[in-house]
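First comes the structure, then the notes that go with it.
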Amino acid sequence: SGCPLTSQCRAFATVEQHLIPLQATRPAIESTIEAAIVVRDGDRFLIHQRPQGVRWAGLWDFPRYIQGADRVPDESLSPREIIRLWNDTERSFSDEWNLKITFNRKVTEIVHHVTRYRIRLVCFLADVTDHQRRSTVAPVESREHAWVRATHFEEYAMPVSGRKLA
């Protein structure tokens with residue numbers, strides 16, 4: 001055999017090499033674009049506890065939405081794509097939270113990997129326009145949420161990308 005470890009190989013000595021399983025193939029990397037909204041009302045920011053059955057279940061995060069897998073995350077988004085992404089994200093947020101917000105600006109983009117996913121997270125800052133609704137806001141799906149001052153983010157367990165954004 002041409003293997004340099006033959007003299008030390010127990011499977012070779014017992015003629016059981018065929019029983020050693022082949023290394024599993026790695027799953028293909030899936031690229032996706034997500035958008036996070038940092039919703040601000042005065043000096044407080046909306047965070048929520050991610051529900052069971054989703055990535056980072058139980059951790060606290062800013063509202064975040066998967067917006068497509070049609071682009072490679074390494075490619076920069078054009079201004080037109082950023083506007084479309086904001087519109088889609090704002091619509092998803094309004095449907096979920098029943099709270100009016102206005103676009104302030106794009107804050108940053110974070111490219112990161114989670115298991116087999118390559119994610120471009122586009123982060124927006126938005127301001128609450130209906131301040132009286134804030135006290136009664138709740139997502140359509142019941143889950144924990146909080147309005148938190150930036151100085152208190154460290155009190156909440158967040159995924160790395162949420163922590164970077166905070």
Side-chain angles (χ1 to χ4, degrees), residues 27-166:
I29 301 296
E30 295 181 35
S31 298
T32 187
I33 294 177
E34 294 183 4
I37 304 179
V38 178
V39 179
R40 175 177 63 187
D41 188 13
D43 65 345
R44 294 180 185 262
F45 300 87
L46 176 64
I47 60 174
H48 69 97
Q49 194 167 28
R50 296 185 56 87
Q52 294 302 314
V54 300
R55 187 180 334 124
W56 303 309
L59 296 180
W60 291 82
D61 201 3
F62 299 99
R64 157 187 320 232
Y65 304 92
I66 297 173
Q67 293 295 351
D70 57 344
R71 298 257 333 184
V72 177
D74 290 339
E75 295 177 8
S76 295
L77 299 175
S78 70
R80 179 176 288 177
E81 289 171 311
I82 295 291
I83 291 168
R84 188 187 78 211
L85 183 63
W86 164 256
N87 289 335
D88 293 345
T89 304
E90 190 275 335
R91 191 174 313 109
S92 296
F93 176 86
S94 293
D95 289 347
E96 180 180 8
W97 290 89
N98 195 25
L99 182 67
K100 297 286 184 205
I101 56 174
T102 57
F103 174 79
N104 184 296
R105 64 187 166 91
K106 181 184 117 187
V107 178
T108 191
E109 294 182 27
I110 301 168
V111 177
H112 62 107
H113 296 92
V114 177
T115 61
R116 70 175 195 269
Y117 300 98
R118 181 184 213 157
I119 302 166
R120 174 179 290 275
L121 179 62
V122 181
C123 308
F124 297 103
L125 176 64
D127 294 301
V128 172
T129 56
D130 187 355
H131 301 282
Q132 288 150 345
R133 281 272 310 131
R134 187 199 96 177
S135 61
T136 60
V137 71
V140 173
E141 293 179 13
S142 179
R143 76 175 75 134
E144 292 292 319
H145 66 282
W147 290 91
V148 179
R149 288 189 171 92
T151 54
H152 294 272
F153 283 141
E154 71 275 357
E155 298 170 17
Y156 295 84
M158 300 177 95
V160 172
S161 56
R163 183 75 53 209
K164 285 180 181 179
L165 183 53

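This structure is a prediction, so every number in the text was calculated from the model and none was measured.
Closest heavy-atom contact between Ala57 and Pro51: CB-O, 3.3 Å. The minimum heavy-atom distance linking Thr129 with Ile101 is given by the pair OG1-N, 3.9 Å.
Using a 4.5 Å heavy-atom threshold, the side chains of Arg40 and Asn104 count as touching. In this structure the side chain of Met158 never reaches within 4.5 angstrom of the side chain of Leu59, judged on heavy atoms. Under the 4.5 Å side-chain criterion, counting only non-hydrogen atoms from C-beta, Asp61 is not in contact with Arg55. Leu46 has its side chain within reach of Trp97: a pair of non-hydrogen atoms, C-beta onward, lies under 4.5 Å apart.
Leu121 contributes atom CG, which lies 6.0 Å from atom CD of Glu34 (distance to the nearest 0.5 angstrom). In this structure, OG1 on Thr32 lies 11.5 Å from CZ on Arg120, to the nearest 0.5 angstrom. Separation of atoms OG (Ser31) and CZ (Arg116) is listed at 12.0 Å; rounding is to 0.5 Å. One finds the CD1 atom of Ile47 at 11.0 Å from the CD atom of Glu144 (value rounded to the nearest 0.5 Å).
Not counting sequence neighbours, the partners of Ser94 by the side-chain contact (heavy atoms from CB on, under 4.5 Å) test are Glu90. Every residue meeting the ring-ring contact (aromatic ring centres under 6.0 Å, His included) condition with Trp60, not counting sequence neighbours, appears here in chain and number order: Tyr156. For Phe62, the ring-ring contact (aromatic ring centres under 6.0 Å, His included) partners two or more places apart in sequence, or in a different chain, are Phe153. In terms of the side-chain contact (heavy atoms from CB on, under 4.5 Å) criterion, residue partners of Leu85 (sequence neighbours excluded) are, by chain and number, Ile33, Ala35, Gln67, Leu77, Thr89, Val122, Phe124. When the side-chain contact (heavy atoms from CB on, under 4.5 Å) test is applied to Arg149, the partners found at least two apart in sequence or on another chain are Asp43, Arg44, Thr151, His152.
No more than 12 heavy atoms of other residues, nucleotides or ligands lie within 6.0 Å of NZ in Lys100, so this atom counts as exposed by the packing criterion.
Proximity of a side-chain donor or acceptor of Arg105 to a complementary backbone N or O of Leu125 within less than 3.5 Å is not detected.
Judged as a side-chain hydrogen bond (donor to acceptor under 3.5 Å, both in side chains), the pairs with a partner in residues 157-166 (not counting sequence neighbours) are, in order, Arg64-Ser161.
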